Amino acid sequence: MGYQDVYSNWQDDPERFWMRAAETIDWTKPPTRALDDSAAPFYRWFADGAANTCWNAVDRHVEGGRGEQAAILYDSPVTKTQRTITYRELQIQVARLAGALASRGIVKGDRLILYMPMVPEALVAMLACARLGAIHSVVFGGFAANELAVRIDDAKPKAILSASCGIEPGRIVAYKPLLDEAIALASHPPEFCVILQRPEQAADLVTGRDEDWQVFQHQTPPAVCVPVGGNDPLYILYTSGTTGQPKGVVRPSGGHMVALSWSMRHLYGVEPGDVYWAASDVGWVVGHSYICYGPLLAGCTTVLYEGKPVGTPDAGAFWRVISEHRVKTLFTAPTAFRAIKRQDPNGDHVGRYDLSSLESLFLAGERADPDTLVWAEQKLGVPVIDHWWQTETGWAIAGNPVGVELLPVKHGSAGVPMPGYHVQVLDEGGVPLPAGTLGAIAIELPLPPGTLTTLWRADQRFEDGYLTTFKGYYETGDAGIIDDDGYLSIMARTDDVINVAGHRLSTGAMEEVLAAHPDVAECAVIGVRDALKGQLPLGLLCLNAGCDRPHADIVVEAIQLVRLNIGPVAAFKLAVVVDRLPKTRSGKILRGTMAKIADSEPYKLPATIDDPTILDEIAAALKTTGLSG
Ligand code: COA
Ligand code: AMP
């Protein structure tokens with residue numbers, strides 16, 4: 001059966017398609033139907049079924065004879081350690097941590113925040129929550145205390161699981177002081193914290209609140225898996241929106257298992273026992289779906305890599321991992337390949353390793369530029385597949401389903417829609433546009449299993465943010481084109497979200513931070529093109545009248561402010577002082593026009609611009625920043 005048949009099977013009878021896909025899951029109570037649309041536009045999948053994600057990701061593989069197979073291959077060039085954890089060992093570790101959490105009163109539906117580096121304990125913690133039916137929310141380690149505090153106050157966790165430190169090349173990131181500061185800032189502090197002490201740098205524990213990871217689990221009985229309803233949340237993952245308040249994407253348990261299992265086999269083409277490596281971070285959706293849950297649900301071995309594509313120690317790092325662990329499928333962001341290509345343009349490192357195990361490379365997180373894609377194809381000699389998805393969807397909206405049929409690869413396109421997704425390109429009025437025309441990309445409701453059910457305790461924000469612009473559709477926030485063969489090309493965001501090194505960031509959040517600087521009267525942050533990271537944020541600052549402090553000082557302070565409030569991950573290193581910002585007559589700042597000027601792209605003078613001469617001033621100011629794009 002080819003792609004067209006599979007897609008038509010879904011179109012002809014979605015209910016049958018997903019019920020059949022659900023057969024790959026061990027249910028304690030099998031669902032009687034796939035879709036429940038009784039509360040539309042809040043759709044629920046497998047809602048009358050019950051199952052446990054940890055059981056499906058771990059225990060059933062032990063029962064099924066995979067106990068001695070590696071579940072996790074931890075490879076950490078930054079600490080010079082490697083560790084293999086079998087499915088049996090993983091089961092023991094997860095049951096023990098879950099038991100300790102249960103003995104401290106954690107029950108189904110409770111929230112826990114996980115603020116962890118890329119260590120196996122991060123996956124153990126996620127699975128331990130899943131085992132109890134508790135809802136985890138992983139916060140990426142590169143976020144500052146303030147961002148963590150915002151998430152604590154939204155999720156109101158009973159406990160936080162963290163580690164003493166993370167390790168970035170050349171520096172140790174002390175997590176514990178950030179955690180302490182976040183808890184001090186938060187209005188809803190957790191009841192307790194469990195801290196993994198790493199040998200690279202131990203942390204001081206707060207008596208009465210913090211528990212040592214090992215001591216915490218001493219002599220507590222292991223926990224069994226708690227069945228949860230198909231629509232019960234497995235996790236909340238915060239992602240950037242247009243404002244400083246992140247959006248808590250709610251992932252349902254049942255549909256998530258079904259969709260990820262389907263994708264492992266049909267999209268990525270892997271089988272139980274295969275080694276699958278997503279070189280991302282547990283703090284992002286890719287880490288949730290394809291470092292933790294997807295490969296484990298599929299009975300694969302997942303690689304957990306604590307390192308970078310370059311500098312740990314060199315541009316051959318990825319090839320070493322592939323050859324040492326016999327990786328079959330690699331998934332990463334194009335920026336990682338741009339970093340490798342920049343340091344090793346001829347691919348000399350590639351020839352030093354045996355890459356015969358590698359069958360395909362998947363790229364996502366940002367647009368895969370054809371140059372990088374062709375370089376990867378030529379150097380690796382395997383299909384390089386761009387695929388498109390979002391935190392909200394949890395798995396690919398479009399791609400090239402190599403497990404079904406490898407379709408012709410079109411450079412610059414993110415492939416064809418996956419079953420479950422009826423993708424349309426719409427004009428401003430919500431009318432579908434003909435093939436080859438650029439427009440807003442929307443997905444007809446209902447979204448398939450595994451996608452977000454709502455935003456955490458913010459149903460109205462979910463409706464307003466995604467379901468209102470185009471009636472009957474989910475608005476993706478991306479603009480693009482569908483060609484005559486049904487291939488999608490994703491061109492840009494339609495909102496103020498930017499994509500820096502495959503990380504999704506809100507320019508609005510950065511503007512909120514900059515506006516708090518005492519000398520800043522008004523500001524704008526735009527995404528400018530960058531040859532390595534795809535985009536970089538750039539701040540334009542208008543100062544208060546009468547401010548005569550040196551501009552260079554204010555720029556340094558502004559950069560520091562964003563790093564302290566949002567975190568190093570924002571990569572906010574470019575700012576410039578300007579006299580005025582270009583606006584429409586109604587007062588809307590023309591960010592898009594400024595971004596085009598920064599990227600030296602042609603732009604139309606907006607008809608509603610208040611004073612066009614400002615654009616020349618902006619162009620002159622931008623020149624002083626030495627943009628690298
Ligand atoms: N904890 C603390 N700090 C972190 C961090 C973490 N988990 N992850 C990143 N940071 C810091 C970095 O140290 C860097 O700090 P600096 O300003 O002091 O140098 C900053 O955040 C920006 O990080 P990053 O954007 O990752 O840039 P980089 O220069 O360190 O590395 C790449 C560039 C391209 C090598 C890197 O971005 C990469 O590997 N990207 C892959 C993208 C990816 O995994 N995307 C996920 C979706 S698939
Ligand atoms: P995130 O939620 O962090 O995964 O970011 C999702 C956003 O990243 C999407 O809405 C797109 O803007 C962008 N994105 C992800 N994958 C691709 C891709 N393959 N091509 C172009 N943009 C992508």
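Each ligand, and each atom within it, is numbered from 1 in the order the structure gives. For clarity, every value in this text was computed on a predicted model and none was experimentally measured.
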Do the side-chain N and O atoms of Q82 and Y74 include a donor-acceptor pair separated by under 3.5 angstrom?
no

Distance to 0.1 Å, residue and atom name: give those for the protein heavy atom nearest to atom 19 (O) of ligand 1.
K573 NZ, 4.0 Å

The atoms of ligand 1 lying under 4.0 Å from a heavy atom of V286, numbered in the order shown, are 48 (S)

For a side-chain hydrogen bond (donor to acceptor under 3.5 Å, both in side chains) check, start with the C-alpha distance between Q535 and N499, then their side-chain angles and the critical distance, and finish with the verdict.
CA-CA 6 Å; Q535 279 186 302; N499 205 308; over 6 Å; no

Does the Lys NZ or Arg CZ of R461 fall within the cation-pi geometry relative to Y466 - under 6.0 Å from the ring centre and within 45° of the axis?
no

For D204, does the CG atom have more than 12 heavy-atom neighbours from other residues, nucleotides or ligands under 6.0 Å away?
no

Need the ligand 1 atom indices (1-based, order shown) with element for anything under 4.0 Å from a heavy-atom of A501.
25 (O), 37 (O), 42 (C), 45 (N)

Sorted by chain and residue number, the side-chain contact (heavy atoms from CB on, under 4.5 Å) partners of E512 (sequence neighbours excluded) come out as T243

Heavy-atom contacts with T335 under 4.0 Å: which atoms of ligand 1 show up? List them by number with element.
34 (C), 40 (N), 41 (C), 42 (C)

Note the single closest protein heavy atom to atom 22 (C) of ligand 1, along with its residue, its atom name and the distance in Å.
P568 O, 3.6 Å

Could you check whether Y473 and H422, counting side-chain N and O atoms only, form a donor-acceptor pair closer than 3.5 Å?
no

Sequence neighbours excluded, which residues qualify as side chain to side chain donor-acceptor pair (under 3.5 Å) partners of D371?
none

Can you confirm if the aromatic rings of H349 and F318 lie within a centre distance of less than 6.0 Å?
no

In the protein, what heavy atom is nearest to atom 39 (O) of ligand 1, and what distance, to one decimal place, separates them?
P309 CD, 3.1 Å

So, applying side chain to side chain contact (heavy atoms under 4.5 Å, CB included) with Y305, which one of L73, V78, V321 is it?
V321

Is it the side chain, the backbone, both or neither of A571 that has a heavy atom closer than 4.0 Å to ligand 1?
neither

Mind checking whether Y421 and W395 have ring centres under 6.0 Å apart?
yes

Considering only heavy atoms of W284, which atoms of ligand 1 have at least one such atom less than 4.0 Å away?
46 (C)

Report the part of A278 (side chain from C-beta onward, or backbone N, CA, C, O) that has a heavy atom under 4.0 Å from ligand 1; answer both or neither where that applies.
neither

Backbone or side chain, does any N or O of R171 fall under 3.5 Å from an N or O of ligand 1?
yes

I'd like the name of whichever of E168, Q343, K308 reaches closest to atom 13 (O) of ligand 1 through any heavy atom.
E168

Could you list which atoms of ligand 1 come closer than 4.0 Å to a heavy atom of Y175?
1 (N), 7 (N)

Answer yes if the ring centres of W277 and H325 are under 6.0 angstrom apart, and no otherwise.
no

Donor-acceptor pairs are to be reported for all side-chain atoms of residues 135-142 against protein atoms at under 3.5 Å, with residues two or more places apart or in another chain.
residue, atom, partner, partner atom, Å
H136, NE2, Y293, OH, 2.7
S137, OG, I236, O, 3.0

Please indicate, with yes or no, if any protein heavy atom is found under 4.0 Å from atom 42 (C) of ligand 1?
yes

N/O of R563 under 3.5 Å from N/O of ligand 1, yes or no?
yes

In ligand 1, which numbered atoms sit nearer than 4.0 Å to a non-hydrogen atom of A279?
44 (O)

In this structure, atom 33 (C) of ligand 1 is nearest to the protein heavy atom K533 CE, 4.2 Å

Does CD in E428 sit with more than 12 non-hydrogen atoms of other residues, nucleotides or ligands closer than 6.0 Å?
no

As an exercise, identify every atom of ligand 1 less than 4.0 angstrom from a heavy atom of A333.
42 (C), 45 (N), 48 (S)

Candidate with minimal heavy-atom separation from atom 8 (N) of ligand 1, of F143, F337, F572, F140
F140

Among all protein heavy atoms in this structure, tell me which lies nearest to atom 6 (C) of ligand 1, with the distance rounded to 0.1 Å.
G142 N, 3.5 Å

I need the minimum non-hydrogen distance between S263 and Y290, along with the two atoms involved.
OG-OH, 2.6 Å

Is there a donor-acceptor contact under 3.5 Å linking the side chains of T469 and E475?
yes

What I want to check is whether the side chains of R151 and Y238 have a donor and an acceptor closer together than 3.5 Å.
no

Under 3.5 Å: N or O atoms of ligand 2 paired with protein N or O:
residue, atom, partner, partner atom, Å
ligand 2, 2 (O), T391, N, 2.8
ligand 2, 2 (O), T391, OG1, 2.5
ligand 2, 2 (O), R504, NH1, 2.7
ligand 2, 8 (O), G365, O, 3.4
ligand 2, 8 (O), N499, ND2, 3.2
ligand 2, 10 (O), Q390, NE2, 3.0
ligand 2, 10 (O), D478, OD1, 3.4
ligand 2, 10 (O), D478, OD2, 2.6
ligand 2, 10 (O), R493, NH1, 2.6
ligand 2, 12 (O), D478, OD1, 2.6
ligand 2, 12 (O), D478, OD2, 3.4
ligand 2, 16 (N), G365, N, 3.1
ligand 2, 19 (N), D386, OD1, 2.7
ligand 2, 19 (N), H387, O, 2.8
ligand 2, 20 (N), E366, O, 3.4

Would you call G141 a ligand 1 contact, heavy-atom distance under 4.0 Å?
yes

Quick note on ligand 1: atoms under 4.0 Å from a heavy atom of S280 include exactly 44 (O), 46 (C), 47 (C), 48 (S)

